[in-house]
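One structure below.
Residue numbering restarts at 1 for every chain, and letters A, B, ... go by the order of the sequence lines.
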Amino acid sequence: MQNDTVTFVIDQKEVRARRGQTILEAAEQAGVYIPRLCHLKGLTPHGSCRVCTVRVNGRYQAACTYPVADDLVVENDTEELRTLRRDLLEMLLVEGNHFCMFCEKSGHCELQALAYRHSIAAPKYPHLWPRREVDASHPDVLLDRNRCVLCGRCVRVSRDVDGKNVFGFVGRGPHRHLGVNSRRGLGGSDLSADDQAVTVCPVGCLLRKRTAFQVPVGQRRFDRQPIGAEVGAGAGSPQPSESPMQ
Amino acid sequence: MDENGATKAAVQAICREHGNDRTRMLDILRDVQRRFGFVSDEAMDEVAEVTGCARIDVESVVSFYAFLSDRPQGRIVIRLCNDVVDELKGMPEVAAAFRRELGIAIGETTSDGFFTLAETPCIGMCDQAPAVLVNDVVVTDLDPDRVRRIVHRLRYNPDPSALVTEVGDGNNGHPLVRAMVRNNVRRAGEVIFSDRMAEAGLQQALRLTPERVIEQVKQSKLCGRGGAGFPTGRKWEFTRAAQGGPKYIICNADEGEPGTFKDRVLLTERPDLLFEGMTIAAYAIGASEGILYLRGEYAYLRRFLEHVLEERRRAGLLGQSILGVDGFDFDIRIQLGAGSYVCGEETALISSCEGQRGDPKNRPPFPAEKGFLGRPTCVNNVETLCKAARILEEGPDWFRQWGTESSAGTKLLSISGDCLRPGIYEVPFGVKLSDVLKLCGARDAGAVLVGGPSGRLVAPADFDERICFEELPTGGAIVVFDSSRDLLRIVSRYLAFFIDESCGHCTPCRVGNVLLKERIDRLRRGQGERSDLEYLERLARTIQATSRCGLGQTSPRLVECTLRDFRSLYEACLGRPDLELRPSFDIRAALRESEALVGRDSVYNWNEQSELPCRTTPSRL
Ligand SMILES: Cc1cc2nc3c(=O)[nH]c(=O)nc-3n(C[C@H](O)[C@H](O)[C@H](O)COP(=O)(O)O)c2cc1C
Ligand code: SF4
Ligand code: SF4
Ligand code: SF4
Ligand code: FES
Ligand code: FES
């Protein structure tokens, strides 16, 4: 029988993991945080944001999709990789229309929190100021594509958790955007306000109506501690990420 | 029946023809598109209903492929190749003639719903550019005069095939092809274009065990001819060793890399050799089903290829117990693409064969383990499979007499651009680029694109490098640019190509290529600053390092190699000493709105010259 555990090295630290785990999962279990945006515990990895890029035996790989194996040497918290991640986050910030000061997700937003964690004050890239559609046709949920990062969480959760298939991607290249399973927009779909698909959106793209600013600014999730701080905080204890997908 | 009911019934009939099978979605949607000129909302609903998937899944597929459309297209769709190769052969005049004759712009449809004008990247006719597709019919060597006659003829007889009055050489004249395409085989080498015994490779393979067949291919050191150059024998071995089944062999005939057209000629002139190679591969890896993924642009070859397959079935070369070998059952079907470059990437190709968007998949797992429908799959290029058949026939040592240490055998080159003899050349690996340029009659090469836009723009100082995996790797594309061409414009145009063809799944490729192009164009306008060069280098590096598939991993290469080897072109774009403002600050743009408001012209007296301040190369492009 094949041995069920593997040992690999990440940031000079030797880590034991279960065969079949991804580098991201195994690292997290060992208290090593790898920044991520599209990935969410319990979902099939998407591999789209690339923020989790690490070096595996010298080669760039997405930690959320790459399986652990014996003798891997993984670099994660290096200046080079932090620089790459900064570039990716800045790309996401200029690709959409992000005005944090007017966004009700501010403080709860994973993109914003990652940007702060990576010391991004203002992106070095020019803003692309795209024209994006807002869909307010649903009575309880707002879809503001200006802030969508195409992470596919809502697509996967609606399909695999809510069992509904409300979302999908339409178009390609820079025109790729979030589509809805209805000719009449979100209001014509069978999305309901308590669907998990709405909860998991990492940014202010899918929002429940009439719930804005219930938590005051200053007391929001990432006002309390930076993103990723929960990993390794109490090594070994189940980590308190706010993922509803556990 | 009302119109809606009639649409429904017709869509249902189309779905039924494809077994209401959602993995045949691409075939279904292609047929719907052909029947109605677009895939309407009603049609999407119906396809979703009948194949048992969500409507958004159908919409997702329709929106991905360039040849599918959710808005009505003309009965005749004319697609103009927008590659730089066509541009330097006179496409701008040809496009102007089409616009004038039809009275519409690119992207529009005539008000009578008869014609649509569209653009498309390289259609694999670079050696006879400018070229267009009129529905499935290829029209080559265009000039404004011919455009006038063509439009006139189409108005008179809407059947595009009537445009073919003179057929090309070889099988282009076959009754099932009837294309004006010419093969332009300029140098017939020993491996592909020599006389041979039909099916000798297959017969030899079937005398050996599958393991021995793989051994032979490994000994030959054959590496993939599709671009990546992975050792073919090892790929076959992995697929054979993989758990589970049934297993599949897929031939990649997507040939989307701009400047590449050698597979077109192989499909036309050597289809039996290709299918023989696929059958050998199937025997070696234990596959029972094969798929030929034919790019939509080559749809004109489909009936011919179906016919060749049918003949092979009749001859016992496909089907049950092939050539009397008990238990060796194998057949091949053709999957037509629908206009997407990234579908040539092997995992995207598999997505497309499954009837999905051509988004690449996360790797690992690799196709050899989990490919088509999650089963072990081997994807090989057309030329690779043809060569494998010849290796089985003549032996690995015979093949290794050509080439270099790590690049065994010969390579088919597709040569186009500024040269006297564009076409197909079979050369041994290791040939110097300068010798290739002599062969094709390129007298004044200022730069040569080796390997297409995902390859390298080679400067004259490096023309002595050799074509092989160690030095100048190429899937076959060689595009010659003479010394008058504006290389930064070419770089910008190919970035536009990657932007159009990116699947958009991952951040660096979806956003990064747009940012690269923005900065290159800014430099070209004379608004560059020295720091932009470093900005470009870093951006290129980030895109390469973090992209999910080969498209993004290679799309910045032209930026990177021109920054290195054609640095002076960039330097010439930096800062204008006559200006006291920062070059990147466009005062005209900044003032435009307020000038419009107050209704008077700028106090700045701009001469028109400053519109195009990139002064190094006199530009014909
Ligand atoms: C964006 C992209 C486009 C590609 N297009 C093609 C193609 O048109 N034809 C091809 O054979 N390989 C293409 N490839 C390479 C394939 O992924 C794959 O490596 C190849 O089909 C394997 O066959 P081979 O080993 O015989 O070369 C492409 C790769 C990328 C990243
Ligand atoms: S989604 Fe996040 S990054 Fe975007 S505006 Fe809102 S808080 Fe800022
Ligand atoms: S709506 Fe939110 S969850 Fe869905 S893809 Fe966009 S950012 Fe991700
Ligand atoms: S690199 Fe480009 S084409 Fe490849 S997966 Fe990412 S977005 Fe799609
Ligand atoms: S978290 Fe790995 S790619 Fe997004
Ligand atoms: S056909 Fe236009 S470049 Fe290939």
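At a 4.5 Å heavy-atom cutoff, the contact between B/S547 and chain A is made by backbone atoms alone. Only the side chain of A/L128 comes within contact range of chain B, with at least one heavy atom under 4.5 Å from a heavy atom of that chain. Neither the backbone nor the side chain of A/S189 comes within contact range of chain B, judged by heavy atoms closer than 4.5 Å. Looking at A/V51, there are no atoms closer than 4.5 Å to chain B (heavy atoms on both sides), in backbone or side chain.
At a heavy-atom cut-off of under 4.5 Å, chain A is reached by B/H505, B/C506, B/T507, B/P508, B/R510, B/V511, B/G512, B/V514, B/L515 from residues 505-516 of chain B, listed in order of number. Within residues 48-60 of chain B, the residues having any heavy atom closer than 4.5 Å to a heavy atom of chain A are B/A54, B/R55, B/I56, B/D57, B/E59, B/S60, listed by residue number.
If you tally non-hydrogen atom pairs under 4.5 Å between each of A/S182, A/G152, A/G168 and chain B, the highest count goes to A/G168. Between chain A and the options B/V61, B/D500, B/V62, B/V342, heavy-atom pairs under 4.5 Å are most frequent for B/D500.
Legend: residues meeting ring pair (Phe, Tyr, Trp, His ring centres under 6.0 Å) with A/F8, ordered by chain and number and at least two apart, are absent.
Counting heavy atoms from C-beta outward, A/M91 and B/L539 have side chains that approach closer than 4.5 Å. The side-chain heavy atoms of A/P126 and B/E518, taken from C-beta on, include a pair separated by under 4.5 Å. A 4.5 Å side-chain heavy-atom check between A/R183 and B/D45 finds at least one atom pair inside the cut-off. At least one side-chain heavy atom of A/Y125 sits under 4.5 Å from a side-chain heavy atom of B/Y535.
Formation of a donor-acceptor pair under 3.5 Å by the A/R176 side chain with backbone atoms of B/C503 is found in this model. In this structure, the side chain of B/R357 engages the main chain of A/G171 through a donor-acceptor pair within 3.5 Å.
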For residues 362-370 of chain B, which side-chain donor-acceptor pairs fall under 3.5 Å, sequence neighbours excluded?
from	atom 1	to	atom 2	distance (Å)
B/N362	OD1	B/R548	NH1	2.7
B/N362	ND2	A/H46	O	3.4
B/R363	NH1	B/E346	OE2	3.3

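Interatomic distance, B/I543 CD1 to A/L84 CG, rounded to the nearest 0.5 Å: 11.5 Å. Atoms OG and NE2, from B/S502 and A/H175 in turn, are 10.5 Å apart once rounded to the nearest 0.5 Å.
At most 12 non-hydrogen atoms from other residues, nucleotides or ligands lie less than 6.0 angstrom from CD of B/E534. Taking a 6.0 Å sphere around CD of A/E80, one finds it holds more than 12 heavy atoms contributed by other residues, nucleotides or ligands.
Closest non-hydrogen pair, B/G504 versus A/L150, comes out as O-CD1, 4.3 Å.
In summary, A/D87 and B/R541 do not engage in a salt bridge, as defined by a charged side-chain N under 4.0 Å from a carboxylate O.
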